[in-house]
Amino acid sequence: MGIGSIPGATAVEAIQRFSVFNPSNGELLAELPDMRPTDAALAVDRADAAMEHWAGLTARERSDTLERWHQLILEHAGDLAAILTAEMGKPLTEAKSEISHAAAYVKWYAEEANRIYGETIPAPSTDRRLLVIKQPIGVVGAITPWNFPASMVARKISPALAAGCTVVLKPAEQTPLVAGAIFALARKAGFPDGVLNLVYASEGDAVGKELCSNAKVRKISFTGSTEVGRLLMRQCSDQIKKISFELGGNAPFIVFDDADVDAAVDGAIQAKFRNAGQTCVSANRLYVHSSVHDEFADKFIQRVNALRVRGCFAPEVAIGPLIDAHALAKIEAHVSDAVIKGGTIRCGGNRIGKSGTFFEPTVITGVTNRMRIAQEETFGPLAPIIRFDDPDEVVHTANDTIYGLAAYFYASNLKRVWRVAEALEYGMVGVNTGRMSSEAAPFGGVKQSGIGREGSRHGLEDYLELKYICVGGL
Ligand code: NAP
């Protein structure tokens, strides 16, 4: 396949290729040009050349193009979901929901594009007028992960485009195909040449370094691990480049003694096992009050035992494969560490089959905060349950981490609901719900979980610069 036929690819030369596999069965799905830093630099040149025209269009013109893109994504939702499931492994129903979510971000920012308002400020003297206008930051380098390969792309790119920025995107090596398909639809929607540029690469570090060090790139928007985020932040520091980072998490999920236990079980199933636990907002540590611990654990384990693990095009499947062998090795290491330190496997605990990357949905009780599962992001279908007695102490323990992305708790006492929601040091708190992501709300973390927000009107601000204009001599 020639480079010209790769959907959304920039017309740059590349010789090496890399392979994309289906994690459910190891089948080869595609071979893509493995672009190098020089190719990324060419893509940046194209994006830079396109900036003036794109930023100079009216907000309505940019909005209309985004709206056409949104419609095309909806029209091709079935195909996009199938590509996503094939390369990433999540169940088809989840893939469909991710595509709707991706489309919702595009729609939201098509609308927000028309609401980039400035302000006027009362002047300190009568001969002056003080104004603030908002302008696009410039070329954006965007880097996305494999776990939500469609919605992470849409969540970054649509506010950037609405603001008037142009973009160079490097999707994750494991899941570049759905990004390519979404870019092909963008082309069809009528984005001018150079506004959107896709760089496929297996060497994320080399292309990332080019994006961070290229002076024409004015902002890096990254979603991925905290470890890589730290590295990119250092690389951006030479040029004081603007950054937006959505990084890792270690979400606590607390069930207080006044919780509706059945609702908490429902919420925990959603917050833990969606995408086989491979979400940044996945409930990583379940703290359950002693008075409801056994009831919660029994009901939860019953539900976990009923989850179907299968190749993801199978009907009614709930859990697919893990993304790769590293992910499998990490969950196995967390399980054995917990068992050595006194935890009890109540269900699951093993990989499924000799080949492939399927792991049984697993629940471990008797977990303590010393165990790796309580300290590190597991990123797999493993639920550790930690018993607690002191409601104040559990909030303190929940906050005792370098991460601050998402937290969940179940309680009914109104005073407690407010106190705990305010005390949790997280960018997002789900109260009596296991799912809270929406294009209308600001998604993002505090501490080492990130900088900036995506979604909502706040997500647009991350791609805009304020300019103060003082008109004198009046
Ligand atoms: P990752 O290893 O950090 O990779 C993310 C992206 O960065 C990929 O495109 C990867 O490219 C690229 N990359 C890797 N090393 C790089 C480097 N040295 N320089 C520049 N780019 C580099 O993370 P992941 O394993 O794909 O994703 C899982 C992590 O993402 C988890 O920690 C999860 O919590 C986090 N996440 C956060 C959010 C959020 O909104 N906060 C959302 C989703 C995921 P290659 O694929 O080529 O290596």
Side-chain angles (χ1 to χ4, degrees), residues 18-21 23 32 34-37 40 87-88 90 98 101-102 105 141-156 168-179 198-214 217 220-236 243-251 274-284 322-324 326-327 330 376-380 401-406 426-428 436-437 441-455 459 462:
F18 69 100
S19 305
V20 182
F21 297 98
L32 297 181
D34 198 354
M35 299 183 184
R36 290 176 299 265
E87 68 177 345
M88 195 267 138
K90 71 178 55 175
E98 183 179 339
H101 203 44
Y105 279 107
I143 302 175
T144 48
W146 50 264
N147 63 340
F148 287 91
S151 58
M152 294 301 101
V153 168
R155 201 167 81 177
K156 280 192 190 321
V168 177
L169 170 78
K170 194 213 78 67
E173 174 191 1
Q174 294 102 324
T175 55
L177 300 177
V178 75
L198 187 54
V199 178
Y200 295 121
S202 67
E203 303 276 319
D205 49 351
V207 165
K209 206 167 184 176
E210 172 60 33
L211 294 177
C212 293
S213 61
N214 189 314
V217 176
I220 294 291
S221 178
F222 169 73
T223 298
S225 61
T226 296
E227 188 190 354
V228 174
R230 280 191 203 103
L231 179 78
L232 295 180
M233 196 170 184
R234 281 198 289 274
Q235 290 175 359
C236 287
I243 52 173
S244 285
F245 285 176
E246 297 285 352
L247 307 175
N250 179 9
R274 190 163 64 100
N275 204 14
Q278 302 171 110
T279 78
C280 53
V281 292
S282 178
N284 206 49
L322 296 177
I323 189 70
D324 57 26
H326 296 295
K330 186 170 189 187
E376 300 171 20
E377 193 181 29
T378 303
F379 237 56
T401 166
I402 61 165
Y403 298 104
L405 188 60
Y426 288 82
M428 299 175 282
M436 55 181 150
S437 181
F443 191 104
V446 300
K447 299 203 268 186
Q448 295 186 32
S449 285
I451 293 174
R453 293 292 183 271
E454 291 185 336
D462 274 19

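First listed ligand is number 1; within each ligand, the first listed atom is number 1.
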Taking [X] for the side chain and [Y] for the main chain, is one N or O donor matched with an acceptor at less than 3.5 Å?
X: R234; Y: G229; value: no
X: K447; Y: T401; value: yes
X: K90; Y: N147; value: yes
X: T226; Y: Q448; value: yes
X: E87; Y: L177; value: yes

Which is it for [X] and ligand 1 at heavy atoms under 4.0 Å: side chain, backbone, both or neither?
X: E377; result: side chain
X: L247; result: backbone
X: V281; result: neither
X: F148; result: neither
X: D205; result: both
X: T279; result: neither
X: T226; result: neither
X: T223; result: both

Could you tell me which non-hydrogen atom of [X] sits nearest to which non-hydrogen atom of [Y], and how far apart they are?
X: Y403; Y: Y426; answer: O-CE2, 4.0 Å
X: C236; Y: I220; answer: SG-CG1, 3.5 Å
X: V178; Y: A150; answer: CG1-N, 4.0 Å
X: A179; Y: V153; answer: CB-CG2, 4.3 Å
X: E377; Y: N284; answer: CA-ND2, 3.7 Å

4.0 Å protein heavy-atom contact status of atom 4 (O) of ligand 1, strictly under: no
Atom 48 (O) of ligand 1 within contact range, any protein heavy atom under 4.0 Å: no
I need the nearest protein heavy-atom contact for [atom]: residue, atom name and distance, please.
atom: atom 35 (C) of ligand 1; answer: G224 O, 3.2 Å
atom: atom 13 (N) of ligand 1; answer: V228 CG1, 4.1 Å
atom: atom 12 (C) of ligand 1; answer: I143 CG2, 3.7 Å
atom: atom 9 (O) of ligand 1; answer: T144 O, 2.7 Å
atom: atom 11 (O) of ligand 1; answer: K170 NZ, 3.0 Å
atom: atom 46 (O) of ligand 1; answer: E173 N, 2.8 Å

With a cut-off of 4.0 Å, which atoms of ligand 1 are near a heavy atom of [X]?
X: L405; result: 41 (N)
X: L231; result: 18 (N)
X: G248; result: 32 (O), 34 (O)
X: G208; result: 20 (C)
X: L232; result: 19 (N), 20 (C)
X: P145; result: 26 (O), 27 (O), 43 (C), 44 (C)

Polar atom proximity, S449 to ligand 1 (N or O, under 3.5 Å): no
Close N or O approach (N147, ligand 1; < 3.5 Å): no
Atom pair CZ/CG of R230 and L247 - distance to nearest 0.5 Å: 8.5 Å
From S151 atom OG to E98 atom CD, the distance as rounded to the nearest 0.5 Å: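 The OG atom of S151 sits 3.5 Å away from the CD atom of E98.
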Close side-chain approach of [X] to [Y], heavy-atom, < 4.5 Å:
X: E454; Y: S221; value: yes
X: L211; Y: V199; value: no
X: M152; Y: P145; value: yes

F245 to ligand 1, any heavy atom closer than 4.0 Å: no
Working for side chain to side chain donor-acceptor pair (under 3.5 Å), residues K156 and T144: CA-CA 9 Å; K156 280 192 190 321; T144 48; over 6 Å; no
Test of ring centre spacing under 6.0 Å for W146 and F379: yes
For [atom], the option (of [options]) bearing the nearest heavy atom:
atom: atom 40 (O) of ligand 1; options: Q278, M152, R155; result: R155
atom: atom 36 (N) of ligand 1; options: S202, C280, P149; result: C280
atom: atom 25 (O) of ligand 1; options: F18, W146, Y403; result: W146
atom: atom 23 (O) of ligand 1; options: S225, G204, P171; result: S225

